[in-house]
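Keep in mind that this is a model prediction, so the values were computed, not measured.
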Amino acid sequence: MSDWIRIARGALTLNTETFTAFRARGDVFFRGFLLIVGLALIVGLPTLVIDTVHGLRGDAATEIADATAGFEQGLAQAIPFMQGIPSDVREQILAQVRQSFQLGAQIGSEIAQLPTILPRPVSAILEAIGKWFSTPFGRAGFPLSMATLGAWLGYGIWVMLAARLLGGRAGLAEFFGATSLFAVPHLLNVFSRAPFVGGVIGFIAFLWGAIIYVKATAVSQKLSIERALLAVLLPLLVAIVLLIIAAIGVAGIMGIIVASR
Amino acid sequence: MGNRTLSIGLILRALFLDGDAYDQLRDDDNPFVEGLFLIVIIGAGTALLHLVGQLLAWASIPQISAIKDVIWNAYQRMPWWTEIARIPEALTQFQQTWDLAWRILPTLFGAPSPGNAAWNLVAWPVAALLSWLIYGLLAHLFARLLGGAGGVGQTLGTTALAFTPLLLRGLGFIPFLTIGGVLGTWQLICRYKALRSAHGLSWGRTFWATVLPFAVYLLFWLLVAGLGGAVITAIVGR
């Protein structure tokens with residue numbers, strides 16, 4: 001345990017020796033895997049507790065009341081953006097949206113009362129545990145924004161390729177093992193449910209993790225920081241360029257279709 | 001046949017990208033047989049564990065038919081229902097679409113199905129075998145074209161180790177677990193390791209030998225889609 005704490009501290013303070021020593025371990029990929037899985041499970045703990053408590057309470061009426069309150073709040077926030085719509089049409093739209101939500105809530109409530117083979121509390125606990133164990137396998141919406149295996153391997157494979165093209169010399173295990181350290185600051189996401197500051201904490205974790213990722217790429221691939229930064233950004237830049245080209249292509253095709261009518 | 005090279009330790013080392021594990025299987029007297037054994041074990045073993053998880057999940061949720069009835073009854077209380085119910089043809093059409101959707105959508109959205117999970121006991125090993133053989137042969141062909149020195153048995157033996165990430169599907173005994181696409185990426189990384197070990201190529205050539213089989217898959221599916229489109233056009237045009 002003290003070894004892990006020392007590694008985490010070294011990673012957070014961008015200590016080159018920590019990265020070099022971690023990279024040199026024979027089981028570096030396995031350790032990286034353990035780090036990502038362990039951190040993702042720790043970060044998912046509050047959700048596990050909340051889901052389990054909700055499940056054990058089995059209070060569908062309260063859950064639906066909470067959801068309805070959230071829905072009404074969201075609707076109230078959306079109304080200022082609907083000022084351009086004539087008031088009678090707006091009221092009609094809002095009434096329909098409310099009616100659909102109420103139908104959904106009613107269906108949810110009735111389904112919650114249907115019988116199951118296993119007792120409801122057991123089902124709820126199993127569901128919460130399944131969801132919790134799924135956390136490490138999730139994918140990030142934005143590269144490196146979450147400490148999951150999907151973010152680590154999915155983006156890493158492209159960074160590895162870019163780094164190699166830029167003269168990097170790391171083996172797969174060394175590179176992936178070292179870059180797994182980007183997950184350490186994501187431990188802050190334990191507080192991501194905190195009101196007001198949750199989003200800020202998530203952003204700090206992301207930035208800190210990204211800096212560690214660049215450092216790990218530089219150390220493992222034996223590249224300069226500038227080249228490592230380029231290797232980390234290159235896959236994202238290529239993806240953005242491809243998206244822009246695709247968007248222009250789609251817009252062009254639509255333009256041709258519209259013009260030909 | 002001589003010694004058995006495969007062991008749990010070797011499998012775990014291959015999973016965690018230990019190059020020696022791939023070299024050890026490459027140097028076996030019959031890597032193909034070792035690979036075949038591994039693929040079948042992974043396919044059947046993980047399918048069995050997945051079946052346990054599906055049974056637990058299935059027992060944890062209400063019957064799909066009961067959920068379907070709840071929604072159907074709720075629809076009948078909606079104002080638009082009277083509009084549909086007034087026209088018998090529209091009602092029949094709606095009901096047909098409804099029944100069809102309920103046959104397809106629950107499976108598509110991952111509703112637990114012990115029947116499908118039981119079928120996977122056969123389907124997963126067979127699919128893994130086909131995937132292993134097709135990919136292995138194509139990768140061997142490209143590796144040889146790129147100057148690789150490995151034998152076909154060595155390619156198949158080492159690429160069988162690239163199926164070790166699928167062992168994580170065995171965690172499917174935990175109900176409601178979703179693993180996602182990460183195993184495919186992990187498998188690709190292992191395939192690179194396997195081909196590097198079997199053929200001793202440079203990293204660039206190994207990269208191409210690893211990804212070119214996927215280009216063949218893409219071409220194949222484009223061809224199938226094109227042919228399908230042509231057949232449909234010909235039928236519609238008659």
Side-chain angles (χ1 to χ4, degrees), chain A residues 26-34 96 99-100 103-104 106-120 122-139 148-157 160-161 164-165 168-169 171-177, chain B residues 12-20 53 55-75 77-81 112 165 168-169 171-190 192-193 196 202-204 206-207 210-211:
Chain A
D27 59 350
V28 63
F29 187 86
F30 174 61
R31 286 198 153 228
F33 170 80
L34 282 185
Q96 277 180 359
Q99 199 178 33
S100 302
L103 176 71
Q106 201 179 351
I107 290 171
S109 162
E110 285 179 35
I111 289 174
Q113 284 160 24
L114 288 173
T116 53
I117 295 171
L118 290 173
R120 278 279 178 186
V122 177
S123 306
I125 291 170
L126 286 178
E127 200 169 339
I129 289 174
K131 205 169 131 189
W132 183 52
F133 272 108
S134 304
T135 334
F137 296 98
R139 61 172 63 195
T148 62
L149 294 173
W152 177 48
L153 298 179
Y155 193 64
I157 199 166
M160 173 78 191
L161 182 62
R164 278 293 200 152
L165 291 171
R169 279 173 285 159
L172 283 163
E174 294 162 337
F175 168 73
F176 281 110
Chain B
L12 289 177
R13 284 194 290 126
L15 172 66
F16 293 114
L17 307 185
D18 181 347
D20 289 344
L55 277 168
L56 283 170
W58 174 78
S60 301
I61 63 161
Q63 295 294 306
I64 295 290
S65 56
I67 297 174
K68 185 183 166 189
D69 289 344
V70 165
I71 301 172
W72 181 257
N73 292 336
Y75 277 177
R77 295 195 294 269
M78 290 299 283
W80 49 261
W81 181 260
L168 291 170
R169 280 204 306 207
L171 289 174
F173 74 89
I174 302 166
F176 304 106
L177 179 91
T178 39
I179 287 187
V182 66
L183 299 188
T185 312
W186 197 333
Q187 202 181 4
L188 186 70
I189 294 166
C190 291
Y192 171 90
K193 283 290 262 191
R196 188 100 199 246
S202 66
W203 80 266
T206 311
F207 167 78
T210 309
V211 298

Inset, instruction - Would you mind telling me which of B:Ile67, B:Ile71, B:Ile189 has the largest number of heavy-atom pairs within less than 4.5 Å of chain A? - result: B:Ile189
Legend entry - Region of B:Arg13 that comes under 4.5 Å of a non-hydrogen atom in chain A: neither
Legend entry - Taking every non-hydrogen atom, the tightest pair across B:Phe176 and A:Ser134: O-OG, 3.7 Å
Inset, instruction - Measure the CE-CG distance between B:Met78 and A:Leu103 for me, rounded to the nearest 0.5 Å. - result: 5.0 Å
Legend entry - Engaged part of A:Leu126 at the chain B interface, taking heavy atoms whose separation is under 4.5 Å: both
Legend entry - NZ/B:Lys68: more than 12 non-hydrogen atoms of other groups inside 6.0 Å: yes
Legend entry - Nearest-0.5 Å distance, CG of residue B:Leu177 to OG1 of residue A:Thr135: 9.0 Å
Legend entry - More than 12 heavy atoms of other groups within 6.0 Å of B:Trp58 CH2: no
Inset, instruction - Grab the two heavy atoms, one from A:Ile107 and one from B:Val70, that are nearest each other, plus how far apart they are. - result: O-CG1, 4.0 Å
Inset, instruction - Select one option (side chain, backbone, both, neither) describing which atoms of A:Ile157 are under 4.5 Å from chain B's heavy atoms. - result: side chain
Legend entry - Greatest number of heavy atom pairs closer than 4.5 Å to chain A - which of B:Ile61, B:Leu56, B:Leu12: B:Ile61
Inset, instruction - Classify the ring geometry between B:Phe16 and A:Phe30 as parallel (under 30°), tilted (30 to 60°) or perpendicular (over 60°). - result: perpendicular
Legend entry - chain A contact via B:Ile174 - which portion, at a heavy-atom distance below 4.5 Å: side chain
Legend entry - A:Leu118 side chain reached by B:Ser60 side chain, heavy atoms, under 4.5 Å: yes
Legend entry - Partner chain B: residue of A:Lys131, A:Arg164, A:Glu127, A:Gln99 with the largest heavy-atom pair count (under 4.5 Å): A:Arg164
Inset, instruction - Could you tell me whether A:Phe29 and B:Trp186 have their ring centroids closer than 6.0 angstrom? - result: yes
Legend entry - Most chain B-contacting option - heavy-atom pairs closer than 4.5 Å, from A:Leu161, A:Val28, A:Val122: A:Leu161
Inset, instruction - Could you check if a side-chain atom of B:Leu171 sits within less than 4.5 angstrom of a side-chain atom of A:Phe133, using non-hydrogen atoms only? - result: no
Legend entry - Non-neighbouring partners of B:Asp69 that pass salt bridge (Lys or Arg N to Asp or Glu O under 4.0 Å), sequence neighbours left out: none
Legend entry - B:Leu168 versus chain A, the contacting section by heavy-atom distance below 4.5 Å: side chain
Inset, instruction - Output the distance between atom CE (A:Met160) and atom CH2 (B:Trp203), rounded to the nearest 0.5 Å. - result: 7.5 Å
Legend entry - Most chain A-contacting option - heavy-atom pairs closer than 4.5 Å, from B:Gly180, B:Gly204, B:Pro175: B:Pro175
